[in-house]
Amino acid sequence: MSEVKITLPDGSSRTYPSGVTGMAIAQSISEGLARNALAIEVNGEIRDLSRTITADASIRIFTWNDAGGKYAFWHSSAHLLAEALEALYPGVKFGIGPPIENGFYYDVDLGTQPFGEDDLAKVEAKMIELARKNSVYTRQDVSKKEALEFFGKKGDEYKLELIDGLEDGSITFYHQGGFTDLCRGPHIPNTGFIKAVKLLNVAGAYWRGDEKNKMLTRIYGITFPKQKELEEYLHMLEEAKKRDHRKLGKELELFAFSEKVGMGLPLWLPKGTVVRERLEQFMRKAQIKAGYDPVVSPHIGSKALYVTSGHWDKYGKDSFRPITTPNEGEEFLLKPMNCPHHCEMYKVKPRSYKELPIRFAEFGTVYRYEQSGELHGLTRVRGFTQDDAHIFCRPDQVKEEFIKVIDLVLHAFRSLGFENYTAQLSLRDPADKQKYIGEDELWDRAEREIQEAADERGLKTVAVKGEAAFYGPKLDFMVKDALGRSWQLGTIQVDYQLPQRFELEYIGSDNQKHRPVMIHRAPFGSLERFVAVLIEHCAGNFPLWLTPEQVAVLPISERFNDYAAHVLQELKNRDIRGFLDDRNEKIGRKIRDAEVSKVPFMLIVGEKEASENRVSVRKHGKGDEGSVSLAEFIELASKDFAMPL
RNA sequence: GCCGAAGUAGCUCAGCUGGUAGAGCAACGGUUUCGUAAACCGUAGGUCGUCGGUUCAAAUCCGAUCUUCGGCUCCA
């Protein structure tokens, strides 16, 4: 009998008889590993432990502690969910049921049977019941014909459609208990590993993600090998909900919405406005330093402007309708973009190659019709302000300018303590070219320049096809909110199209007309979304330079209100944002209210402090820090509260 | 826009299978003048999202509509 050489992750290798299973290898390594093994990676491919290995290979055995182990675990859990659904809802048809970052889902067609959140508990119970049977997941190679026959008989048109797109010879079924699914695997050894089950929510999802297709019922769930881990996960979810910017925005009186004003139109309350305006000041300063010129353009623009830019053609039909002048019937659009305005600013006079790059920056408020179901707190609204700018440069300056913008974006992120962003290289979808305008050559060039710029700054990027803007590729900075949803913040885009459409020119050193290149960029993206993500990132405890109220002055009793007012005035003289709590309340109460509203510093003043011109300092979340002279506090605080440069 | 769920006082929530709305906090008035996370007493506050229907009677049942929430699709 022949042997195979198996190389382990630590570099050591062992020999086994050919046809050895992953499970047998695990057992030979240790009893504990065998008990916890969920799947195996063989030469980079994740497989079932039960599959045989017939050639030399590098392997890695996955347990719950590996992403690959969780993947197989949740994938298998999706099958368990399907088995439970089939038992409870005869005739149910199945779409797809993949593992996801946290758990798994299954898209199902329940026909006319109603299904809501209330039904989840019942399905959970069934899943646990089935899991306890320790049903083994078994793999079976089937021919395309057999596969079609099986699901044809079952009447599951979704599976038939999936099989249709598969190649004969590469089709496998997996069985567990009485359930059979089309699946490429891999799966965990048996259902007994699944000890804790929670179905999280039920939602609609279009079959194959296409709006034109039927909407299926998507059931999201998560499972764990231990009940305790499930409890920890649910607790973590609760904690994340407390950071939700919508909840904190209301509690901290940062912003509000009103049905009467209109959905998706945020109202910035005084405290939220402080945060927003400080961010704006920060970016203004950084931009001036980086050679930008602030400009201002109106909130509406002639429809012709957007016809020229191509936005009307691309987005006009599902946008806010144009507004018209009463007599002439001229059409204007609520500004959905700032770039066309800036193009016209570029055109006010002939430009020389010597004055490029020109950088027009504007905190431009734009209005876009977002589908009603899309609106989400401050992250997705119908009116928002971009920290927008457009750089007009020569073709030979593109890369350098792009790198400068990357530096600016990273400077902003760093100053705000954002670490967990990813840089996404948003490219065009080569399979769907009519979504885009412009020649291939220019697209290729732009995509290459962005990649080179990112590389030069050592920025790791993830390329995603089909995510480009219609006029050019982008480098997008993505962050996750408290609940794990991904949002785009900053964006940098290279654009060869708008300069053409607006016929932008400059006179080169050769005395000939040339076309400039545009770079669109917004480090924060929109102030609204940025503040939303910032709120969740810091759980409402803003960096000191941003926080709406930096200091609460809390007199022990009304007898010290005068001294407290004096303290507050001294703070204000030094541009420190504070307020006086002169309510007729006990100090414990004032402290509690200040703590709850996340004021970073509390100055408690009474007999002792008033007589010595001192303040007792209490830090949010930390407690009593002892007393210092008022002057000393102001000195220290002014430094702490300074805007980063 | 699509699928599903929810809307009760400023906020958080109670109100079982229909019998005409309740608590805590906040607000307001008073008492108290207080040393590091909620003083005490009292007062006021709601056409139960909106419109229509069923019924002797609707917060409760039905329909429509608006908004919000969870997803899907979309996102210049």
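Just so it is clear, the model here is predicted, and its values are computed rather than measured. Chain letters run A, B, ... following the sequence lines, proteins first, then strands; residues in each count from 1.
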**Student:** How is A:K586 classified with respect to the nucleic acid when contacts are heavy atoms under 4.0 Å: base, sugar-phosphate, or nothing?
**Tutor:**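 It contacts base atoms.
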
**Student:** Under 4.0 Å from OP1 or OP2 of B:C72: is there any side-chain N or O of A:Y220 that close?
**Tutor:** yes

**Student:** So what does A:I604 touch, heavy atoms closer than 4.0 Å: a base, only the sugar-phosphate, or nothing?
**Tutor:**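 Result for A:I604 = base.
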
**Student:** With a 4.0 Å cut-off on heavy atoms, is A:M263 in touch with a base, just the backbone sugar-phosphate, or nothing at all?
**Tutor:** sugar-phosphate

**Student:** Apply side-chain contact (heavy atoms from CB on, under 4.5 Å) to residues A:H620 and A:V599 and explain how you reach the verdict.
**Tutor:** CA-CA 6 Å; A:H620 170 70; A:V599 179; over 6 Å; no

**Student:** It should be established whether A:K474 places a side-chain nitrogen or oxygen under 4.0 Å from OP1 or OP2 of nucleotide B:A76.
**Tutor:**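 True: A:K474 side-chain N/O within range (under 4.0 Å) of B:A76 OP1/OP2.
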
**Student:** Where the side chain of A:M215 is defined as all heavy atoms beyond and including C-beta, which of B:A76, B:U67, B:C2 is the nearest nucleotide?
**Tutor:** B:C2

**Student:** In whole Å, what is the span from the CG atom of A:D481 to the P atom of B:C69?
**Tutor:** 13 Å

**Student:** Please identify which of these residues, A:R218, A:K214, A:K159, meets the salt bridge (Lys or Arg N to Asp or Glu O under 4.0 Å) condition with A:D109.
**Tutor:** A:K214

**Student:** Within a 6.0 Å radius of atom CD on A:E612, are there more than 12 heavy atoms belonging to other residues, nucleotides or ligands?
**Tutor:** yes

**Student:** With a 3.5 Å distance limit and no angle check, can you tell me whether A:R428 reaches the backbone of A:A468 through a side-chain donor-acceptor pair?
**Tutor:**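 No, the answer is negative, given that no donor and acceptor are paired below the 3.5 Å cut-off.
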
**Student:** Could you walk me through whether A:Y346 and A:F502 pass the ring-ring contact (aromatic ring centres under 6.0 Å, His included) test, one step at a time?
**Tutor:** CA-CA 10 Å; A:Y346 178 90; A:F502 279 91; over 10 Å; no

**Student:** Determine whether any donor atom in the side chain of A:R218 lies under 3.5 Å from an acceptor atom in the base of B:C3, or the reverse, and answer yes or no.
**Tutor:**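 Such a pair does not exist between side chain and base.
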
**Student:** Students often get this wrong, so: under 4.0 angstrom with heavy atoms, is A:G623 touching a base, only sugar-phosphate, or nothing?
**Tutor:** nothing

**Student:** In whole Å, I'd like the distance from the CD1 atom of A:I492 to the P atom of B:A76.
**Tutor:**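 Roughly 16 Å, once rounded to whole Å.
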
**Student:** Which part of the nucleic acid does A:R485 contact within heavy-atom distance under 4.0 Å: base, sugar-phosphate only, or nothing?
**Tutor:**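 Sugar-phosphate: the residue A:R485, judged by heavy atoms under 4.0 Å, touches backbone atoms but no base.
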
**Student:** Base, sugar-phosphate, or nothing for A:E609, non-hydrogen atoms under 4.0 angstrom?
**Tutor:**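 Touches a base.
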
**Student:** Checking contacts here: which listed nucleotide (B:G71, B:A38, B:A76) is nearest the side-chain heavy atoms of A:R592?
**Tutor:** B:A38

**Student:** Is it the case that the side chain of A:D156 and the backbone of A:F94 share a donor-acceptor pair, with hydrogens and angles ignored and the cut-off at 3.5 Å?
**Tutor:**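 Here the side-chain-to-backbone pair exists.
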
**Student:** Of the non-hydrogen atoms in A:E401 and A:I391, which two are nearest, and what is the gap between them?
**Tutor:**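 Between these two residues, the closest heavy atoms are OE1-CG2, 3.6 Å.
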
**Student:** Could you tell me how far B:C69 sits from B:U12 if I compare only their P atoms? Round to whole Å.
**Tutor:** 13 Å

**Student:** Determine if A:Y315 stacks with B:A76; use a centre-to-centre distance below 5.5 Å and an interplanar angle below 30° as the criteria.
**Tutor:** yes

**Student:** At under 4.0 Å between heavy atoms, what does A:Y471 touch on the DNA or RNA strands: base, sugar-phosphate, or nothing?
**Tutor:**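 Contact class for A:Y471: sugar-phosphate only.
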
**Student:** Can you tell me if A:K250 touches the phosphate of B:U12, counting only side-chain N or O atoms and a distance under 4.0 Å to OP1 or OP2?
**Tutor:**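 So the side-chain polar atoms of A:K250 do come within 4.0 Å of the phosphate oxygens OP1 or OP2 of B:U12, strictly under.
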
**Student:** Is it the case that over 12 heavy atoms from other parts of the model lie below 6.0 angstrom from the NZ atom of A:K335?
**Tutor:**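 More than 12 heavy atoms, drawn from other residues, nucleotides or ligands, come within 6.0 Å of this atom.
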
**Student:** So with a 6.0 Å cut-off around CG of A:D640, is the heavy-atom count from everything else above 12?
**Tutor:**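 Yes, CG of A:D640 has more than 12 neighbouring heavy atoms, counting only those of other groups under 6.0 Å.
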
**Student:** What's the gap between B:G7 and B:U17 when it is taken at their C1' atoms, as a whole Å value?
**Tutor:**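 Between the two C1' atoms, the distance is 22 Å.
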
**Student:** Would you tell me if any nitrogen or oxygen in the side chain of A:S372 comes within less than 4.0 Å of OP1 or OP2 on B:G1?
**Tutor:** yes

**Student:** Quick check on RNA chain B: between A:E558 and A:D210, whose nearest nucleotide comes earlier from the 5' end?
**Tutor:** A:E558

**Student:** Can you tell me whether the side chain of A:Y206 and the base of B:G71 have a donor-acceptor pair closer than 3.5 Å?
**Tutor:** no

**Student:** What distance, rounded to whole Å, do you find between the two P atoms, one in B:U50 and one in B:U8?
**Tutor:** 10 Å

**Student:** Please give the nucleotide sitting opposite B:G4 as a Watson-Crick or G-U wobble pair, both distances under 3.5 Å, or none.
**Tutor:**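 Paired with B:G4, as far as the under-3.5 Å criterion goes, is B:C69.
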
**Student:** Expressed as a whole number of angstroms, how long is the span from A:E259:CD to B:C69:P?
**Tutor:** 12 Å

**Student:** Below 3.5 Å, does any donor atom in the side chain of A:S616 face an acceptor in the base of B:U36, or the other way round?
**Tutor:** yes

**Student:** Rounding to an integer number of angstrom, what distance separates B:C62 and B:G70 when you compare their P atoms?
**Tutor:**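 Result for the P pair: 25 Å, nearest Å.
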
**Student:** Would you measure the distance from the C1' atom in B:U55 across to the matching atom in B:G46 and give it in whole Å?
**Tutor:** 24 Å

**Student:** Under 4.0 Å, heavy atoms only, any strand: does A:N201 hit a base, just the sugar-phosphate, or nothing?
**Tutor:** sugar-phosphate

**Student:** Counting only side-chain N and O atoms of A:R246, is one of them less than 4.0 Å from OP1 or OP2 of B:C69?
**Tutor:**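 Checking B:C69 against A:R246, a side-chain N or O does come within under 4.0 Å of OP1 or OP2.
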
**Student:** Find the distance A:D318:CG to B:C75:C1' and express it as a whole number of Å.
**Tutor:**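 After rounding, the gap between these two atoms is 10 Å.
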
**Student:** When you measure from the side-chain N and O atoms of A:H376 to the phosphate of B:G70, is any distance below 4.0 Å, counting only OP1 and OP2?
**Tutor:**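 For B:G70, OP1/OP2 do have a side-chain N/O of A:H376 under 4.0 Å.
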
**Student:** Contact class for A:E251 (heavy atom, under 4.0 Å): base, sugar-phosphate, or nothing?
**Tutor:**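 Contact class for A:E251: none.
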
**Student:** Using the closest heavy atom to pick a nucleotide of RNA chain B for each, name whichever of A:S319 or A:V617 lands nearer the 5' end.
**Tutor:**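 Upstream on the strand: A:V617.
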
**Student:** Side chain of A:Q371 only, please: which of B:G1, B:C2, B:C34 is the nearest?
**Tutor:** B:G1

**Student:** If you check the A:K608 side chain, which of B:C75, B:A37, B:G35 turns out closest?
**Tutor:** B:G35

**Student:** Do the side-chain N or O atoms of A:R208 get closer than 4.0 angstrom to the phosphate oxygens (OP1, OP2) of B:C72?
**Tutor:**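 A:R208 to B:C72 OP1/OP2: no side-chain N or O under 4.0 Å.
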
**Student:** Give one of base, sugar-phosphate or nothing for A:A205, where a contact means two heavy atoms less than 4.0 Å apart.
**Tutor:** sugar-phosphate

**Student:** Between B:C66 and B:G29, how many Å separate the two C1' atoms, rounded to a whole number?
**Tutor:** 39 Å

**Student:** How about A:K622: does its NZ atom have over 12 heavy atoms from other parts shown lying under 6.0 Å from it?
**Tutor:** no

**Student:** Measure the distance from NE2 on A:H245 to C1' on B:C69 and round it to the nearest whole Å.
**Tutor:**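 Taking atom C1' of B:C69 as the reference, NE2 of A:H245 is at 13 Å.
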
**Student:** Side chain of A:R380: nearest nucleotide among B:A37, B:C75, B:U68?
**Tutor:** B:C75

**Student:** Could you check which nucleotide pairs with B:A14 in any of the strands shown, counting Watson-Crick or G-U wobble with both distances under 3.5 Å?
**Tutor:** none

**Student:** Just call it for A:G606: base, sugar-phosphate, or nothing, with non-hydrogen atoms closer than 4.0 Å on any strand.
**Tutor:** base

**Student:** If I pick the P atom on B:U43 and the same atom on B:G24, what distance separates them, to the nearest angstrom?
**Tutor:**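 Looking at atom P only, B:G24 and B:U43 are 12 Å apart.
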
**Student:** Whether the side chain of A:E370 and the base of B:G1 hold a donor-acceptor pair under 3.5 Å is what I'd like checked.
**Tutor:**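 Check fails, no donor-acceptor contact within cut-off.
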
**Student:** Once hydrogens and angles are ignored, does a donor-acceptor distance under 3.5 Å link the base of B:U33 to the side chain of A:R559?
**Tutor:** no

**Student:** Among A:H341, A:Q386, A:H342, which residue meets the side chain to side chain donor-acceptor pair (under 3.5 Å) test with A:E362?
**Tutor:** A:H342

**Student:** Between B:A38 and B:G1, how far apart are the two P atoms, rounded to whole Å?
**Tutor:** 47 Å

**Student:** Atom pairs, N/O to N/O, protein against nucleotides 23-31 of chain B, distance under 3.5 Å?
**Tutor:**
residue, atom, partner, partner atom, Å
B:A26, OP1, A:R589, NH1, 3.2
B:A26, OP1, A:R589, NH2, 2.1
B:U31, O4, A:N584, ND2, 3.4

**Student:** Output, in order, the C-alpha distance, side-chain angles, deciding distance and verdict of side chain to side chain donor-acceptor pair (under 3.5 Å) for A:Y471 and A:R501.
**Tutor:** CA-CA 11 Å; A:Y471 49 73; A:R501 293 180 159 249; over 6 Å; no

